[in-house]
Student: 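I am attaching a structure below and will ask some questions about it afterwards.
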Amino acid sequence: MVDAGREEQLVADAVVGKAEQLELEQCAIETMYGRLDAEKSDIGAARARLMGSPVDGAEARQARDAELARLEGALGRLQLAERSLCFGRIDSSTGESLHVGRVGLRSESGEILLVDWRAEASRPFYAATLASPLGVRRRRHVRVEGRRLVDVSDEILDGTIPTAVDVVGDGPLVSALSGARTGRMREAASTLQREQDEIVRSECRGVMVVDGGPGTGKTIVALHRAAYVLYAFPTMAERGVLVFGPNRRFLAYISEVLPSLGENNVELATAPDLVGVEATRSEPDAVALVKGRRSFGEALARRVQERQPHGVPLRLTTAHGQAVLDAPRVDAARRSALQGGVGHNRARGLFLEHVVDDLVNELEQQTAKEISDFEDELKEVGVDLDRMFGRRPGDPEPDGIQSSDGLDIDWDRIRDDLLEDSGIDRIISGVWPSLRAEDVLRGLLTDPDALARAMPELSGEQIASIGSAVETGWSRADLAALDEARALVDGLPKTVYGHIVVDEAQQLSEMEWRMLMRRCPSRSMTIVGDLAQAGPTTTITRWEDALEPFVADRYAHHTLTVNYRTTAEILDATMPVLARIAPSQRLSYSIRHGEPPAYLTVPDSDVDTALDDLVARLQNEHPDDLVGIIATTRRARRIEGGPLRHGTVVVPAPDARGLEFDAVIIIDPDEIQGESATGLRDLYVAQTRATKRLITLTITSADAAALPV
Ligand SMILES: Nc1ncnc2c1ncn2[C@@H]1O[C@H](COP(=O)(O)OP(=O)(O)OP(=O)(O)O)[C@@H](O)[C@H]1O
């Protein structure tokens, strides 16, 4: 037992200890910022020198531009490291200590001042636990504002007693998670948890799938993984890293994470960005669903194949003679032209070359035969050809075939002529016309018979409506189909990536998986998603079904289990819905507690007033809260079109995936549930967006009174 006087002394020691610690850390941090400034100015000077030095020739200019780009990249990274340059420190049981932060820094004499969070040396900062301290005695979280140290917080991991130089406080994770949301996701390099860090730092260079319930940090892991790939796998980084998300609202939400991790070289894209075409038309989910199936791509491929010759001979008439190439020869030419997935239009040129080669061969043989027949005829009538051409006995036979006037036939020139011959081109166009990808897709969408064959589950009415909608623009499902048609017609996309991160991957249709895989020939991907949150336009219900066509079973799979977003009370309230949409999925484990969810009922005519009252009350009680109002698409549009409610964001339930708010108001679970075939999943998504407060407004028939339940 510690007596009162001794206790006071310990507290006083701790206070002095903390003040001293803060002072020491502040000194260390000032040194780091000093080095950061020096490195920035060194790079600035190197850049100025380079720009001022003369360059001689294109090669030297190219080399200089590459070096300039490298220096600018390095400078950009250092500039981005300014905020929270250092956020942690580990002290080993043997007395060594290491500061961890956004970039690596060394003093002028080469001594390590700061280690990049992605470096191997930083691993214990994330991986050490009480059960397995990995030689770490103390893990310290450091909080700076501007360049000023604000606080430190220590965890003692090796079981030793904290001393006056240890500042044991609240976990920084809890304070990070309890803070108000801003509408933009924040990076979490300083609080990445062990199970997350293991995935981020994985040595796996192929495909990695990360799933887990809502709020388990899948997006956080995916984005930190992208930053890690850029740091640790330079060859992948050189080929580019893409983060693919379901819509622009989501991309805007995550847009600040990578820059604040010092990485500006990552492309963020949605399907319209990849395809370069906007989806301007909506369509029934049932139609989008079948358009997203692989069989739709196969129908497109058949349409393109039908514009190539199969089992037919080719009759060719040219100024140099006529020839018929039989069907096996035409088929062989087609097959070799199509090798390597070059696409119909480029293959057409190769097919023309094969056909012309065959034609020249044929003409050569025909000419040789004609000459030899003619010679035979002349011999028969007694003409001595040797005398006629002045050949003496023992002279070699003429090399190649000669025309009757004694001149060599230049078959190479004839070949070149034929390649340019408009007549031949017309004949080839008859069997292998040049195509436009848009026309191929439009052709299929407006061909009721072909559609009925490709999509037997659609009604005649739906098929007719697909055809008539084509002229009014492309739908979201059309984009992947257009991408597929382009690959078939014009070959694989020019822009590919060394690594692709896919978020909300449960949303992808089979055609969208193909669209992404086309852009990642190395099959190096981080795929995160939650199949229980899948929307109505995907047929994928298991990761193996999505990946098998591309990598068979060669992929790693991790499941995250701790919920960092939602309080335990809110999570519990989602259990009945989860049990219906994904009975085999276990609820994640929440590390935070809070208010129980609230339920209100109002008549339809009072929804707007009830919403106003609710928002006013929330803002009064919790002025910093960001409030998400989630409703059906129709209702969300109506609310958005009404008066602006400051501090709120209105989101249609199908677009809420991935987002989060301090408080969420759900407007009518039944309406959301009835909006689509997967409405219950949309409801689950809506219920799992709140970090602190969840309020559900149920609409009753007009005459029922508003009553809290
Ligand atoms: N290690 C961490 N440190 C700080 N915050 C974290 C950490 N891990 C997750 N979070 C926070 O928890 C919240 C949920 O994380 P995230 O959005 O990545 O979850 P998710 O699994 O992608 O959810 P959903 O399935 O709903 O898209 C976010 O606010 C995120 O910043």
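Atoms within a ligand are numbered from 1 in the order they appear, just like the ligands themselves. For the single chain, residues carry numbers from 1 onward in sequence order.
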Student: Quick one: do the S260 and E256 side chains pair a donor with an acceptor below 3.5 Å?
Tutor: no

Student: For residues R693 and D625, report the shortest heavy-atom separation together with the two atoms involved.
Tutor: NH2-OD2, 2.8 Å

Student: Nearest protein heavy-atom contact for atom 9 (C) of ligand 1: which residue, which atom, what distance?
Tutor: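 Result: Y564 CB, 3.5 Å.
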
Student: Among all protein non-hydrogen atoms, which one is nearest to atom 5 (N) of ligand 1, and what is the separation to 0.1 Å?
Tutor: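 I find the closest protein heavy atom is L177 CD2, 3.3 Å.
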
Student: Ignoring hydrogens and angles, state whether a donor on the side chain of H141 or D154 is under 3.5 Å from an acceptor on the partner side chain.
Tutor: no

Student: Does ligand 1 come near enough to G217 that some N or O of the ligand is less than 3.5 Å from an N or O of the residue?
Tutor: yes

Student: Are there over 12 heavy-atom neighbours, none belonging to R617, within less than 6.0 Å of that residue's CZ?
Tutor: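 Open: at most 12 neighbouring heavy atoms sit under 6.0 Å from CZ of R617.
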
Student: Go through the side-chain N and O atoms of T698 and D668 and say whether any donor and acceptor fall under 3.5 Å apart.
Tutor: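 No.
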
Student: With distance as the sole criterion, is a donor-acceptor pair present between the side chains of T559 and D211 under 3.5 Å?
Tutor: yes

Student: Spell out, as yes or no, whether a donor-acceptor pair under 3.5 Å connects the side chain of S590 to the backbone of T566.
Tutor: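 Checking the backbone N and O of T566 against the side chain of S590, a donor-acceptor pair under 3.5 Å is found.
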
Student: Does any donor atom in the side chain of E25 or H99 lie under 3.5 Å from an acceptor atom in the other side chain?
Tutor: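 There is such a pair (donor and acceptor under 3.5 Å, judged by atom type) between the side chains of E25 and H99.
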
Student: Any nitrogen or oxygen of D530 lying under 3.5 Å from a nitrogen or oxygen in ligand 1? Just yes or no.
Tutor: no

Student: Compare Q533, R657, R689 and give the one whose heavy atom is closest to atom 26 (O) of ligand 1.
Tutor: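 Result: the heavy atom closest to atom 26 (O) of ligand 1 is in R689.
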
Student: Could you check which of K218, R565, E660, E504 puts a non-hydrogen atom nearest to atom 29 (O) of ligand 1?
Tutor: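 The residue whose heavy atom sits nearest atom 29 (O) of ligand 1 is E660.
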
Student: By number and element, which atoms of ligand 1 are closer than 4.0 Å to a non-hydrogen atom of G213?
Tutor: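 Matching atoms, with element in brackets: 21 (O).
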
Student: Hey, which atoms in ligand 1 end up nearer than 4.0 Å to a heavy atom of Q193?
Tutor: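 By the 4.0 Å cutoff, the relevant atoms are 1 (N).
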
Student: Within the 4.0 Å heavy-atom shell around A188, which atoms of ligand 1 are there?
Tutor: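 Result: 2 (C), 3 (N), 4 (C).
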
Student: Which of the atoms in ligand 1, numbered in the order shown and given with their element, are less than 4.0 Å from a heavy-atom of G658?
Tutor: 27 (O)

Student: Going by atom types alone, do Q673 and E675 pair a side-chain donor with an acceptor below 3.5 Å?
Tutor: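 No pair is found: no donor N or O on one side chain lies under 3.5 Å from an acceptor on the other.
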
Student: Can you tell me which residue and heavy atom of the protein come closest to atom 3 (N) of ligand 1, and the distance to 0.1 Å?
Tutor: T191 OG1, 2.7 Å

Student: Any N/O of G215 closer than 3.5 Å to an N/O of ligand 1?
Tutor: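 N/O-N/O distance under 3.5 Å: yes.
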
Student: Under 4.0 Å, heavy-atom basis, I'd like to know which part of D503 is in contact with ligand 1: side chain, backbone, both or neither.
Tutor: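 Neither part.
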
Student: So which heavy atom in the protein is nearest atom 30 (C) of ligand 1, and how far is it from that ligand atom?
Tutor: I220 CG1, 3.6 Å

Student: Tell me, which protein residue and heavy-atom name are nearest atom 8 (N) of ligand 1, and how many Å apart are they?
Tutor: Q196 NE2, 3.0 Å

Student: Can a side-chain donor-acceptor contact be found between Q507 and T538 if the only test is distance below 3.5 angstrom?
Tutor: no

